[in-house]
Protein chains: 2
Amino acid sequence: MARPPLSRDAIFRAGLDLVDREGIDALTMRRLARALGVAPMSIYTHVPKKEDLVVGVVNEATTKMVLPPPETPPWDAMRAVIREFRRVAHLHPNLVPLITRQPPTGVDSLRILESALDALRRAGLDPAATARAYRISSSFAIGFVSLESGGYFRPLEDGGGSRRLDLESLQGMPRLMEVAPHLATWDSDAEFESGMDVMIDAIRRSFGV
Amino acid sequence: MARPPLSRDAIFRAGLDLVDREGIDALTMRRLARALGVAPMSIYTHVPKKEDLVVGVVNEATTKMVLPPPETPPWDAMRAVIREFRRVAHLHPNLVPLITRQPPTGVDSLRILESALDALRRAGLDPAATARAYRISSSFAIGFVSLESGGYFRPLEDGGGSRRLDLESLQGMPRLMEVAPHLATWDSDAEFESGMDVMIDAIRRSFGV
DNA sequence: ACCTGAACACCGTTCAAGT
DNA sequence: ACCTGAACACCGTTCAAGT
């Protein structure tokens, strides 16, 4: 099989693929080189540092976010962007710990950020208010996706009967015993939609738009 | 100087110290052993895997969260717990990427979780609703703390004039150009408090309590 | 039970060398 | 300009050996 020539894009695509298939720890310069069929040092011709690789892989994923059409009503557009963030996070669950640590910085990925800011500006918020509203929306989206894709509540599963948590420690904790079974099992789609609605209503009310 | 004997607690304390002083990448079995003045393999007598070390260090931090007094009015107690999470995260900013990936699992750290669930139950929510409300609160807290302590918006600083982002890519993005200067600079204390109020009001309204 | 050194299969990255 | 192998200073972890 003839190898396509090395390029930044090919490297980032292969890196995302590696993360999807084998997890975040598999994203090493050496394993990536092996996946690409080149020597470890060849990657350094195109990507100066491991950190740049990580940023590139994150951008590779966020570039897949689909923009809402320009004439979409502002708050529908905002909802669409937030849904797209979650959709892409679900497409690459292993990448979630990285995708939640920095905004898109690639030219293509910046378009989705631009379109979120455009929606908020069109809704009547000034630049400072737009920044506030975007931070609140991002907090919600990042926190929500961290919880669901990171398996945050997994250690509390089975009412604490799992390997991670022994039943004894829950003895003096009646609330934990009755609530834990409900924490890790839930309708995350419905909760995401209703949480998003609540948050957007709150933003609109607090800015009077 | 005589070294105190090795123990799980001493190891976790030294690990948290290492993270605080030198960052998350410095938390390796070998550097931790050096900090403790023992051979690398000595740690394995008390901690079977690196992953257990990480969990222990996270619990070491979350154990510092102070419980609200039991008779605190439910929603004040809930606010207090969320503030404590953020306070401890600020105490150990380098730990934020780890603290946002799993709930406390240590016996001591579970008390803070118990007290949050207790507040929600006392407020009149049933166990299933309590789980929902706790997830929403956690989404907000985790997302907010990720944004502020992770320096999420740093790559967008200076209106895009930083090293991470070249000005050219912002040419066709007028919203980004006008909003970016407001994204990375903000009154995070005030925004946290108002965001928390909005979220708690929304929970109360949606559950009718 | 607790601690250790040597060894193994990995890392990211520098450097000198090739085309 | 692009790719490479050898080398360096690291990792986590197994194993056999010590107390």
Side-chain angles (χ1 to χ4, degrees), chain A residues 1-60 94-95 97-98 101-102 105 163-164 166, chain B residues 1-60 94-95 97-98 101-102 105 163-164 166:
Chain A
M1 45 186 174
R3 319 222 169 289
L6 229 42
S7 70
R8 282 176 68 86
D9 276 359
I11 288 168
F12 295 150
R13 267 196 303 272
L16 182 55
D17 203 55
L18 197 54
V19 170
D20 286 344
R21 288 195 334 263
E22 313 192 38
I24 209 97
D25 291 339
L27 185 62
T28 71
M29 298 301 265
R30 299 176 102 110
R31 290 183 72 160
L32 182 55
R34 212 188 318 154
L36 285 162
V38 298
M41 288 313 300
S42 304
I43 295 176
Y44 284 88
T45 306
H46 304 89
V47 180
K49 294 252 165 202
K50 168 88 185 277
E51 197 199 321
D52 301 289
L53 172 65
V54 170
V55 171
V57 169
V58 168
N59 279 328
E60 182 67 24
N94 294 340
L95 196 67
L98 296 182
R101 297 205 31 81
Q102 58 194 250
T105 52
R163 297 139 278 150
R164 310 287 285 272
D166 50 284
Chain B
M1 45 185 174
R3 319 223 169 288
L6 228 42
S7 71
R8 281 177 68 85
D9 275 0
I11 288 168
F12 296 149
R13 266 196 302 273
L16 181 55
D17 203 55
L18 198 53
V19 170
D20 286 344
R21 287 193 337 262
E22 312 193 38
I24 210 95
D25 292 339
L27 185 62
T28 71
M29 298 301 264
R30 298 175 102 109
R31 289 183 72 160
L32 181 55
R34 211 188 319 155
L36 285 162
V38 298
M41 288 313 300
S42 304
I43 295 175
Y44 284 87
T45 306
H46 304 89
V47 180
K49 295 250 163 204
K50 168 87 186 276
E51 197 200 321
D52 301 289
L53 172 65
V54 170
V55 171
V57 168
V58 168
N59 279 327
E60 181 66 23
N94 294 340
L95 197 66
L98 297 182
R101 298 205 32 81
Q102 58 196 251
T105 53
R163 297 138 276 149
R164 311 287 283 270
D166 50 284

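Bear in mind that the values here come from a model prediction, so they are computed numbers and not experimental data. Residue numbers begin at 1 in each chain, while the letters A, B, ... track the order of the sequences.
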Could you tell me the separation between the CD1 atom of A/I11 and the CG atom of A/L16, rounded to the nearest 0.5 Å? 14.0 Å
Kindly state which residues belonging to residues 7-19 of chain B come within less than 4.0 angstrom of DNA chain C, counting heavy atoms of the residue only, listed by number. none
Across the strands shown, which category fits B/M29 at heavy-atom distances under 4.0 angstrom: base, sugar-phosphate, nothing? sugar-phosphate
Report the residue (A/M41 or B/I43) whose heavy-atom-nearest nucleotide on DNA chain C is the more 5′ of the two. B/I43
Any pair counted as salt bridge (Lys or Arg N to Asp or Glu O under 4.0 Å), so long as it reaches residues 33-47 of chain A, sequence neighbours left out: none
Only one of A/L53, A/V19, A/L98 passes side-chain contact (heavy atoms from CB on, under 4.5 Å) with A/V58; say which it is. A/L98
Residue set satisfying side chain to side chain contact (heavy atoms under 4.5 Å, CB included) with A/N59, at least two apart, ordered chain then number -> A/V55, A/T62, A/P104, A/T105, A/S109
Nucleotide interval of DNA chain C bounded by contacts with chain A (heavy-atom cut-off, under 4.0 Å): C/dC11 to C/dC15
Pairing annotation in dot-bracket form, given for DNA chain C with Watson-Crick or G-U pairs under 3.5 Å and | for cross-strand partners: ||.|||||...|||||.||
Side-chain atoms of residues 20-30 of chain A: list all donor-acceptor pairs with protein atoms under 3.5 Å, sequence neighbours left out, distances to 0.1 Å.
unit_1, atom_1, unit_2, atom_2, d
A/D20, OD1, A/H92, ND1, 2.9
A/D20, OD2, A/H92, ND1, 2.8
A/R21, NH1, A/D17, OD2, 2.4
A/E22, OE1, A/R31, NH2, 2.4
A/T28, OG1, A/R31, N, 3.0

Touch class at under 4.0 angstrom, heavy-atom based, for A/T28 against every strand present: sugar-phosphate
For residues 35-48 of chain B, dump all side-chain donor-acceptor pairs below 3.5 Å to protein atoms at least two apart in sequence or in another chain.
unit_1, atom_1, unit_2, atom_2, d
B/S42, OG, B/A39, O, 3.2
B/T45, OG1, B/S42, O, 3.2

